[in-house]
Amino acid sequence: MLTNINLAPELESAIQLRATSEGRAVQDVVADLLVAGLGITKPLAPSAPVPKALPVLSGRLDPLAKPTELNPQEWSELLKNADLQLEIERYETATGHQHVDRSDS
C-alpha cells in the first residue's frame, strides 16, 4: 500500500536517523513504529535479523597451549566459562547491580 503523509521536519529527521543507524529502510522503520503505536502484538511482516556479537573467549589456560591441542573437556570448560561471564555481564547491565559470586566462600 502506497501512502503519502506529511510529517513535521523534526519527526522526519528522527525517523531517517533511526533508519540509518539501524541500517534499515525508512519504510520498514515507519511500519515498525506504527505497529508499536497501534499496540499490535504480532508483527505484520518478518523483521530484519538482529546482528549479534560473539563473546570473546578467555580463560585460565596454559599460555603455551595451542587451541588445536585442547581436549574436548578443556573446550567445554572454556565455553561454559565464557557463557557464564556473558550472563553475568547481561545481569549487571540489566539490573545495574554488580554480581557477587558466593560459591567460593
Side-chain angles (χ1 to χ4, degrees):
M1 174 176 152
L2 178 63
T3 304
N4 291 326
I5 53 175
N6 293 325
L7 299 174
E10 58 273 2
L11 184 57
E12 184 180 350
S13 296
I15 292 171
Q16 182 65 44
L17 180 63
R18 180 180 283 195
T20 303
S21 68
E22 294 177 1
R24 300 172 60 203
V26 172
Q27 66 185 26
D28 294 336
V29 172
V30 171
D32 286 349
L33 292 171
L34 287 171
V35 166
L38 293 172
I40 299 171
T41 56
K42 184 177 178 184
L44 300 175
S47 59
V50 177
K52 296 183 180 184
L54 297 175
V56 175
L57 299 179
S58 62
R60 296 180 185 155
L61 298 174
D62 180 6
L64 301 176
K66 296 179 182 176
T68 56
E69 296 173 356
L70 296 177
N71 65 37
Q73 181 63 36
E74 292 169 328
W75 272 109
S76 177
E77 287 294 319
L78 183 67
L79 294 174
K80 184 178 85 174
N81 290 336
D83 190 43
L84 177 62
Q85 186 60 39
L86 186 60
E87 282 298 313
I88 290 171
E89 290 171 9
R90 288 180 181 156
Y91 168 80
E92 291 176 346
T93 301
T95 63
H97 298 289
Q98 183 176 6
H99 170 74
V100 178
D101 186 7
R102 293 194 168 98
S103 65
D104 293 336
S105 49

Value rounded to 0.5 Å, distance of CD in Glu22 from CG in Asp32
8.0 Å

Distance (rounded to the nearest 0.5 Å) between Glu77 CD and Asn71 CG
10.0 Å

Using 0.5 Å steps for rounding, measure from the CZ atom of Arg90 to the CG atom of Leu86.
4.0 Å

Count the heavy atoms of every other residue, nucleotide or ligand shown that sit under 6.0 Å from CD of Glu12, and state whether that count exceeds 12.
no

Only one of Ile88, Thr93, Thr95 forms a side-chain contact (heavy atoms from CB on, under 4.5 Å) with Tyr91, so which one is it?
Thr95

Look at the side chain of Ser76 and the backbone N and O of Pro72, then say whether any donor-acceptor pair between them is shorter than 3.5 Å.
no

When you measure from the side chain of Asp83 to the backbone N and O of Leu79, does any donor-acceptor pair fall under 3.5 Å?
no

Residues sharing Leu34's hydrophobic cluster, by side-chain heavy-atom contacts under 4.5 Å among ILVMFWY, directly or via others?
Ile5, Leu7, Leu11, Ile15, Val26, Val29, Val30, Leu33

